[in-house]
Amino acid sequence: MISTGERVQASVGSLLSVRDLSIAYPSQAGPVPAVRGVTFDVAEGEILGLAGESGCGKSTIAHALLRLLPPDARVTGQVLLNGEDVLTMKFGRLRAVRWDEASIVFQGAMHSMNPVQRVGDQIVEAVRLHRPATNERQGQAQVGELLERVGLPARRARDYPHELSGGQRQRAMIAMALACEPKLLIADEPTTALDVMVQAQVLSLLKELQRELKLGLIFITHDLSVLVELCDRIAVMYAGRIVEEGPAEAIFERPAHPYSWGLSGSFPRIGDPEYRRAPGGLPGDPPDPQHLPTGCPFHPRCPRAFEPCPDTDPPMYPAEHGGFAACLLLDSKLNPEGARA
Ligand code: SF4
């Protein structure tokens, strides 16, 4: 069993260290816990995938990392970026950190860009805000280079967002996110709205840029099959918590947590006759965060639930794949057989 403190010790030197992060949104019926005690690290040049169904808290985490949540969200814990806590830094410092040290790409580029401003002008604006010595000509030249780097002709800088296709807009958003050469890029479902071919192109672009620039990358999606292609490590979230983390391929092929097993089996694999490992996908729906089930929050949906599950909230246990999973099946006292999920 691993305590949060021990995992903190193991992470010294990370580009990003998130410690015991909890986030609740206000509602008339009381606070709604969206994220509950999440701890993880991202090293320089590492790709971490955050996976889970809608509403599990993964996008809330992405917003919290750069303090983009609504002001009434209640946030506790630490978000250490290069050792500095983003959650407590002064606003002037936060403005400098955004874009310069970490930036974010959202799902719908159309909603993230100003529809009445040319794409190039939007990128120049970000550059000049952070590099005030950059003049207009230098800024435009930099925009051209950035657009070419993401596979768009420099002349597209003169286009308005609606003149670009969905994939081109997402490329432009990536160019904008990289404009100030951050060391950490957060990609929140950047390919979900794209068709499969364009999705593959954007993913391969992200991977290429990540390698070239040695970026730390957090990639968020519900699709484990996308993460296994892209990431070094994967953290699987359920009901506001990380329930499993470990090497990407092992989490996909040999998950230790029954939820990851169901998630992994929910995606068809072309050419794999055994792809229907979880027939019918995951049963049931994610729980209401205000009324979480007792014990293990996954127990009402879990095909492997056993006696202690409705009463015991599982801590993280070391798993066979070298990572951790919050499942009582891994407790040798409760489950002497040590059965894998
Ligand atoms: Fe399933 Fe029990 Fe493990 Fe929770 S603790 S995932 S209910 S087996």
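Counting convention: from 1, in listed order, for ligands and their atoms alike. FYI, side chains are in, hydrogens and waters are out, and symmetry mates aren't considered; it's all heavy atoms of this structure.
Atom 3 (Fe) of ligand 1 does not have Cys302 among its coordinating residues (no N/O/S atom, backbone or side chain, under 2.8 Å). Among the backbone and side-chain atoms of His299, none of the N, O or S atoms lies under 2.8 Å from atom 4 (Fe) of ligand 1.
By the 30° and 60° cut-offs, the orientation of the rings of Phe298 relative to Tyr238 is perpendicular.
Between Tyr259 and Arg304, the side chains place no donor N or O within less than 3.5 Å of an acceptor N or O (distance only, hydrogens not considered).
Under a 4.0 Å criterion applied to the non-hydrogen atoms of His257, ligand 1 contributes the atoms 6 (S). Taking a cut-off of under 4.0 Å to the non-hydrogen atoms of Leu329, the atoms of ligand 1 that pass are 8 (S).
Distance alone, capped at 3.5 Å, is enough to place a donor-acceptor pair between the Gln122 side chain and the Gln117 backbone. Although no hydrogens or angles enter the test, the distance criterion places a donor-acceptor pair under 3.5 Å between the side chain of Arg156 and the main chain of Glu163.
In terms of protein heavy atoms, atom 2 (Fe) of ligand 1 is closest to Cys309 SG, 2.3 Å. At the shortest separation from atom 5 (S) of ligand 1 among protein heavy atoms lies Leu328 N, 3.2 Å. Nearest protein heavy-atom contact of atom 3 (Fe) of ligand 1 is Cys327 SG, 2.3 Å. Among protein heavy atoms, atom 8 (S) of ligand 1 sits closest to Arg304 O, 3.5 Å. Protein heavy atom in closest approach to atom 4 (Fe) of ligand 1: Cys296 SG, 2.3 Å.
A side chain to side chain contact (heavy atoms under 4.5 Å, CB included) with Leu16 is found for exactly one of Val79, Asp41, Asn82, Ile186, namely Val79.
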Checklist entry - How far apart are the C-alpha atoms of Arg241 and Asp313, what are their side-chain angles, what is the distance that settles it, and do they pass the salt bridge (Lys or Arg N to Asp or Glu O under 4.0 Å) test? => result CA-CA 12 Å; Arg241 272 199 185 154; Asp313 195 0; 2.8 Å; yes
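No more than 12 heavy atoms of other residues, nucleotides or ligands lie within 6.0 Å of CD in Glu181, so this atom counts as exposed by the packing criterion.
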